[in-house]
Amino acid sequence: MKVRCGRRQLAVLCAGALMYALMYALGSQIDAGGETEPVRTLVRFVLALPAAGAVLFALLEGALPLLGRREAKDGMEKPFCLPGAFFLILFCFVPMFLIQYPGSFVYDTQRQVFQVALGEYDAFHPLLHTLLLGMCLSAYDILQSLERCAALYSVIQMTLMAGCFALTCASLSRSCSRRVARAATAFFCLYPAHMAFASNCTKDGLFAAFFALFTAYCLEAVRSPGMSRRRRAMLVLSGVLSCLMRNNMIYAMAAWLILLLIGHRRFGRLAVCALLVIVTAFGVNRGLIAATGAENGSVGEMLCVPMQQLARAYRYANACFTQEDQETLDVLFDRQSYMAYDPTLADPVKQWLNVDALEADPMRALELWLSVGRQCPGIYLDAFLNTALPFLYPYGEYRVSAPYIETGLQNGVLTAPYGQDPIQQPRRFEAIRNWLYEHIWATGADEMPVVRWLFNSGAIVWLMLFCVLRAAYAGDWAAFGVFLLAVMLWGTYLLGPIMQGRYLYPFVCMLPALLGSFGGCKRKDDRQIIKEERKYGV
């Protein structure tokens, strides 16, 4: 085995070892007891650092790069079968759809349905997703059943996701290899999370599918010398749709654009595409807001971490608050919601934030946060780590307040706004639904020795970060630049209100691109690809 020892490789190895050792030192303490201690953190970090370096070196220099090795053949190659992949993936979604018929309508669906029923929209949830749901509900006059309307939504989402995944595989066949594309197809068919989210009415499923497609096209764009205009248009379209399905994607895209601009000149065209995505997505979203008269979203969604920090400080270090601080808290939080602190869920505190008071005097809130933070920085750190732990560390047990993946039909979620009786799921699959929920969806398969790692958020994130490090270690700057977008997106989730499987799902969907890039291969340009497609009639 040839060992690399250049300065770049050494720098990447050291940075990776420092990162993993620090996440272990902090995450292991939170996982065990819910709080950190400086001395224990230092000891664990010092002990973990050489071990992390040794393991990382072995992985980076090991056999993993063989995974994406390109098939070397002369002449024409039979291209990847896009229609076949689409129908195969869609077929694999059907069993879970039948079990959960007419689909899973949970999370924020009820609030979105009320918007549709009343015609009073807000931008707190993605407007495009709310309007898609409204379009399906508007088919009631034809279908004569809200259950059928729900099934229509599920079928549309399953079709869109299968199409995105099939296109992702086709793109990987061009930028990596057909072997990678076939492996990706099997992954999208068999990985349990895909089956769960395909018929789950949540923005996260569609967002993850568009995000995976955008990532694959970006990887293809930086590796293909002659990517066609049609595929570049698909790149921009998938990026715009992903931004319209999640507001934090726009923030991640903006940060990624800055990194591209200060990076290598090879990312010039990709930076132009990223800028076009941001501008188009912002313009479309503003147009939807204007067309529907929707209210803007709440600023509180971006302040989950500061709110959790203040609430934890009030619970564990009440002496840090003066009488004036107490008065400020009571103004900022209606019903003294800061006393309802939940370490893993910001919603009990966040939902009663007095946004008007915050916007009227933001400096007062900032001064309170800084003043308390100077007195108890450790509590602030623990507040952040408790909420973000599943995104930072391969936890031993899923302890988040909410289920890992919520499935089923919340009582009256679709029917209450219309004054109808709740939809009942088929009784013939009730036992299967109950088993799946108890053993997989509620806890992320904690009790299943092998399967649990397919759902462990920390393990998926550590794998994602390893792939980014591996690209830098190998000097594959094309892949490294593309994968930085995932790191930026990950950063926005760390500031969120909770960690559930739906937040992890986008990183699951991009695993084929992450792992398939290990070969560092560069495919033919589109002129050669078109010749092959014409020859084989694809």
Side-chain angles (χ1 to χ4, degrees), residues 93 96-97 100 103-113 123-133 150 153-154 156-165 168 188 191-215 238-253 281 285 297 301 304 345-347 388 390-391 398 400 402-408 410 413 440-442 444 454-455 457 460-461 464 485-486 488-511:
F93 291 164
M96 188 58 64
F97 169 62
Q100 295 289 355
S104 294
F105 291 80
V106 290
Y107 301 118
D108 304 316
T109 306
Q110 191 158 35
R111 180 170 175 176
Q112 292 176 280
V113 174
F124 182 79
H125 303 296
L127 265 176
L128 183 62
H129 184 254
T130 303
L131 293 174
L132 174 61
L133 180 60
Y153 173 88
S154 296
I156 291 174
Q157 177 167 298
M158 289 164 56
T159 304
L160 286 173
M161 290 179 65
C164 287
F165 292 152
T168 297
F188 288 125
Y191 199 97
H194 302 310
M195 305 173 193
F197 282 109
S199 55
N200 191 310
C201 179
T202 169
K203 57 184 178 288
D204 301 277
L206 288 172
F207 165 67
F210 292 134
F211 176 70
L213 181 58
F214 179 71
T215 301
S238 59
V240 170
L241 290 173
S242 64
C243 287
L244 291 175
M245 284 294 164
R246 262 208 167 275
N247 294 330
N248 56 324
M249 179 62 177
I250 296 181
Y251 308 139
M253 188 80 72
N285 200 47
E301 196 69 19
C304 293
L345 177 62
D347 287 358
F391 262 153
Y398 182 74
V400 179
Y404 185 87
I405 299 177
E406 292 184 29
T407 58
Q410 290 180 345
V413 64
I440 298 182
W441 310 140
L454 300 178
F455 293 93
S457 306
I460 298 297
V461 169
M464 176 198 74
L485 175 59
M488 298 299 101
L489 181 65
W490 172 60
T492 66
Y493 280 118
L494 293 177
L495 304 178
I498 191 176
M499 207 316 294
Q500 288 180 285
R502 63 191 180 112
Y503 295 134
L504 174 74
Y505 189 51
F507 306 103
V508 171
C509 292
M510 70 174 299
L511 283 178

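The basis for the numbers below is simple: all heavy atoms, side chains too, and nothing from hydrogens, waters or symmetry mates.
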J.: May I ask you to decide if L485's main-chain N or O and W490's side chain share a donor-acceptor pair within less than 3.5 Å?
T.: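 Answer holds: no.
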J.: Heavy atoms, side chains only, cut-off 4.5 Å: are F211 and L213 in contact?
T.: no
J.: Taking the side chain as everything from C-beta on, heavy atoms only, tell me whether I498 gets closer than 4.5 Å to D347.
T.: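 Heavy-atom side-chain distance check fails, nothing below 4.5 Å.
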J.: Under 4.5 Å between any side-chain heavy atoms of S457 and M499, yes or no?
T.: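 Counting from C-beta outward, S457 and M499 do come under 4.5 Å.
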J.: If you apply the rule side-chain contact (heavy atoms from CB on, under 4.5 Å), what do you find for L128 with T130, and how did you get there?
T.: CA-CA 5 Å; L128 183 62; T130 303; over 6 Å; no
J.: What distance do F93 atom CZ and F188 atom CZ have between them, rounded to the nearest 0.5 Å?
T.: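 Atom-to-atom, F93:CZ and F188:CZ are 8.5 Å apart.
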J.: Of all heavy-atom pairs between N200 and Q157, which one has the smallest distance, and what is that distance?
T.: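 Nearest pair, atom of N200 first, then Q157: O-NE2, 2.7 Å.
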J.: Taking the side chain as every heavy atom from C-beta outward, state whether Y503 and R246 have any atom pair closer than 4.5 Å.
T.: yes
J.: Working to the nearest 0.5 angstrom, can you tell me the gap between W441 CH2 and E406 CD?
T.: 13.5 Å
J.: Any chance the rings of H194 and F165 have centres within less than 6.0 Å?
T.: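 H194 vs F165: aromatic centres under 6.0 Å.
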J.: Looking at CG of N248 and OH of Y493, how far apart are the two atoms once the value is rounded to the nearest 0.5 Å?
T.: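 Here the interatomic distance stands at 5.0 Å.
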J.: Checking L206 against H129 for the side-chain contact (heavy atoms from CB on, under 4.5 Å) test, could you report, in this order, the C-alpha distance in whole Å, the side-chain angles of both residues, the deciding distance, and whether it holds?
T.: CA-CA 9 Å; L206 288 172; H129 184 254; 4.1 Å; yes
J.: Do Q100 and S199 meet the criterion of a side-chain donor-acceptor pair at a distance under 3.5 Å?
T.: no
J.: Any side-chain heavy atom of V508 within less than 4.5 Å of one from I460?
T.: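 Counting from C-beta outward, V508 and I460 do come under 4.5 Å.
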J.: Keeping the roles fixed (side chain from T109, backbone from C201), state whether a donor-acceptor pair exists under 3.5 Å.
T.: yes
J.: Determine, step by step, whether L504 and Y404 satisfy the side-chain contact (heavy atoms from CB on, under 4.5 Å) criterion, reporting the C-alpha distance in whole Å, the side-chain angles of both residues, the deciding distance to 0.1 Å, and the verdict.
T.: CA-CA 10 Å; L504 174 74; Y404 185 87; 3.2 Å; yes
J.: Mind telling me whether F455 and Y191 have parallel, tilted or perpendicular rings, with 30° and 60° as the class edges?
T.: tilted
J.: According to salt bridge (charged side-chain N to carboxylate O under 4.0 Å, His left out), does anything in residues 488-502 pair up with another residue at least two apart or in another chain? List the pairs.
T.: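 Every salt bridge (charged side-chain N to carboxylate O under 4.0 Å, His left out) pair that includes a residue of residues 488-502, provided the two are not neighbours, is D204-R502.
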J.: Under the side-chain contact (heavy atoms from CB on, under 4.5 Å) criterion, do C243 and M253 qualify, and how do the steps go?
T.: CA-CA 8 Å; C243 287; M253 188 80 72; 4.0 Å; yes
